[in-house]
Amino acid sequence: MQTSVHSNPASRLTLLRAAMRAQHIDALIVPSADPHLSEYLPARWQGREWLSGFTGSVGTLVVTQDFAGVWTDGRYWEQAEDELSGSGIVLKKIPSGASVLYIDWLGETMQPGQTVAVDGAVLGLANARLLQQVLGEQVTLRTDTDVLQAVWPERPAMPAAPVVEHAAAYPSLSRIEKLAALRASMAAHGASHHVISTLDDIAYLFNLRGADVSYNPVFLAHALVGPERATLFVADGKLPAALRATLESESVDVAAYDRTAAALAALPAGATLLLDPRRITFGTRQAVAEGVRVVEAINPSTLAKSRKTDSEAAHVRAAMQQDGAALCEFFSWLDSTLADPQRAPLTEIGVDEHLTACRARRAGFVSPSFGTIAGFNAHGAIMHYHAHAGSDATIEGDGLLLIDSGGQYLGGTTDITRVVPVGTITAEHKRDFTLVLRSMIALSRAQFPRGVKSPMLDAIARAPLWAEGIDFGHGTGHGVGFFLNVHEGPQSISQSAMPEPQTAMEIGMITSIEPGIYRPGQWGIRIENLVLNVPAGTTQFGEFLRFETLTLCPIDTRCVERSLLRDDEAAWLNDYHATVCARLAPLLAAPADAPALAWLEQRTGAI
């Protein structure tokens with residue numbers, strides 16, 4: 001069979017190039033994308049990974065007859081170099097995941113009369129426009145073919161997990177209320193209709209959840225909202241009959257997933273369609289009837305879901321307590337295991353498995369919110385490292401163990417990074433750890449005007465590191481959903497993000513703060529908490545916000561060099577630890593939790 005012959009990237013590229021020649025394609029773009037422009041992809045659309053062997057979540061593969069390259073950002077460079085080794089595929093380094101340098105490369109490389117192809121069903125509209133601009137009229141851009149379908153004999157099918165209601169106790173607004181608010185925003189744009197393809201927007205708007213995408217409780221669907229009724233396009237069999245009837249009683253029709261394009265083509269003449277060019281694909285845009293006026297703006301639901309209500313924030317705080325209790329159980333076990341000279345070998349995969357098991361015992365837990373990063377020593381310097389059978393390191397000797405993990409709970413989404421010492425650590429370890437801690441504290445304590453553009457806050461966290469000639473190659477913070485995607489916009493605390501109007505910081509937004517130091521081949525340190533934007537008062541200069549720290553888990557003071565902390569920074573850490581202990585201790589009152597409670601009390605002692 002083809003799968004046995006073409007079982008590695010080099011042989012798969014040979015097959016792909018033959019298919020490209022048959023279709024007179026000179027260059028093929030294979031993005032990390034699906035028809036919903038998701039970050040985490042259903043297996044069916046993981047073609048870039050299948051072809052290249054690179055498993056990072058961000059990257060674009062470009063293939064010609066004599067070249068193949070993957071463009072990806074600094075979070076994945078070490079990983080990509082390892083996974084692409086021997087494949088004949090070149091790593092092309094870019095400054096950020098949002099970079100489109102591959103388009104510039106195509107513009108410089110392609111010759112008049114040549115053809116560049118990409119599946120328009122998974123090509124973002126904004127990138128399609130940039131491609132058309134850069135390639136010009138002398139290079140043909142084809143978007144009508146999915147070359148992968150011809151060369152991927154065992155391509156996975158569409159996911160078929162059922163769609164469920166997000167339990168009524170958790171959303172603060174009903175579907176009817178959310179749709180009414182959306183229609184008010186549509187009216188403000190002069191729009192009669194609105195098309196939505198991003199899965200977290202759809203899950204939020206309809207108070208529904210699914211399991212079609214790993215780690216994110218979403219389901220494959222498109223939505224079209226009209227003046228009086230909305231249509232949810234979802235595969236047959238995914239909606240239980242009772243839920244379907246409930247939706248229809250609330251003026252939400254259900255149609256087949258593959259009828260989206262037909263519905264857009266059938267919009268009435270004179271309709272005005274609101275769409276977000278960064279959140280739909282070129283193929284979706286092409287389906288819109290020619291007589292329809294189009295208004296382009298950010299999805300109103302993207303802004304709405306980023307601003308958690310007071311009741312949603314209360315649910316998130318409760319989820320953080322459950323998560324913190326699970327982490328106490330885990331770290332108590334980890335410390336005792338590492339201290340046992342007679343223990344069986346502990347590996348990075350073993351750390352992940354035990355941590356997930358601890359979370360699974362907590363109320364409301366659904367799944368991890370992303371693949372756990374458990375990196376010991378040099379692996380901790382690989383920003384998005386994920387242990388597998390070929391890389392799994394044993395936790396032994398001396399050094400630092402970085403653990404970045406999170407959980408999906410019915411009442412919220414968590415994301416936390418902690419670093420723990422193994423054996424004896426050095427003064428250099430402690431210095432780096434304390435610098436990262438100072439960076440995290442600096443931003444956690446910040447007060448800022450309401451509406452400030454979130455990228456502008458990035459330098460606050462970097463300043464303590466910049467003062468020492470140190471920097472890190474990822475953003476300082478990302479938005480986080482409410483039992484939704486662990487990475488959520490529109491806010492982003494990142495030096496590579498544009499300070500656009502929609503990035504304004506507003507009350508209710510949840511964002512991570514996660515500075516780091518990464519020394520390739522040695523160690524990595526990242527400390528991450530989630531924070532909530534809350535009011536900080538009004539002065540003659542306007543309304544101000546501050547951060548409420550939501551994450552509840554001790555920061556390991558064994559890694560802290562106290563002499564490098566100012567007294568006010570140490571006071572912040574002591575206050576944080578007092579809060580952590582007070583909030584988590586009641587959840588660890590059972591006799592079985594005694595070791596976790598003892599660990600909590602020990603690790604939250606003042607310094």
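Not measured: the values here are computed from a predicted model.
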Quick one: ring-ring contact (aromatic ring centres under 6.0 Å, His included) partners of [X], sequence neighbours excluded?
X: Phe483; answer: His166
X: Trp77; answer: none
X: Phe206; answer: none

Enumerate the residue pairs fulfilling salt bridge (Lys or Arg N to Asp or Glu O under 4.0 Å) with a member in [range], sequence neighbours excluded, ordered by first and then second residue.
range: residues 487-497; result: Lys305-Glu488, Lys308-Glu488
range: residues 107-134; result: Arg129-Glu296
range: residues 346-355; result: none
range: residues 34-46; result: none

Expected list for residues 213-223: side-chain donor-acceptor pairs under 3.5 angstrom, two or more places apart:
from	atom 1	to	atom 2	distance (Å)
His222	ND1	Ser197	OG	2.8

Qualifying residues under salt bridge (charged side-chain N to carboxylate O under 4.0 Å, His left out), relative to Arg21, sequence neighbours excluded: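 Arg21 satisfies salt bridge (charged side-chain N to carboxylate O under 4.0 Å, His left out) with no other residue.
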
Should the pair Trp71 and Phe67 be assigned to parallel (<30°), tilted (30 to 60°) or perpendicular (>60°) ring geometry?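 Taking Phe67 first and then Trp71, their aromatic rings stand perpendicular (interplane angle over 60°).
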
In sequence, state the C-alpha distance, the side-chain angles, and the governing distance for Arg259 and Thr231, and then conclude on side chain to side chain donor-acceptor pair (under 3.5 Å). CA-CA 10 Å; Arg259 296 298 299 166; Thr231 303; over 6 Å; no

Test side-chain contact (heavy atoms from CB on, under 4.5 Å) applied to [X] - qualifying residues, sequence neighbours left out:
X: Ala261; result: Ala287
X: Asp276; result: Arg278, Arg279, Ile298, Asn299
X: Ser492; result: Ser494, Ala497

Taking CE in Met498 as the centre, count heavy atoms belonging to other residues, nucleotides or ligands within less than 6.0 Å. Is the count above 12?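 12 or below, so no.
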
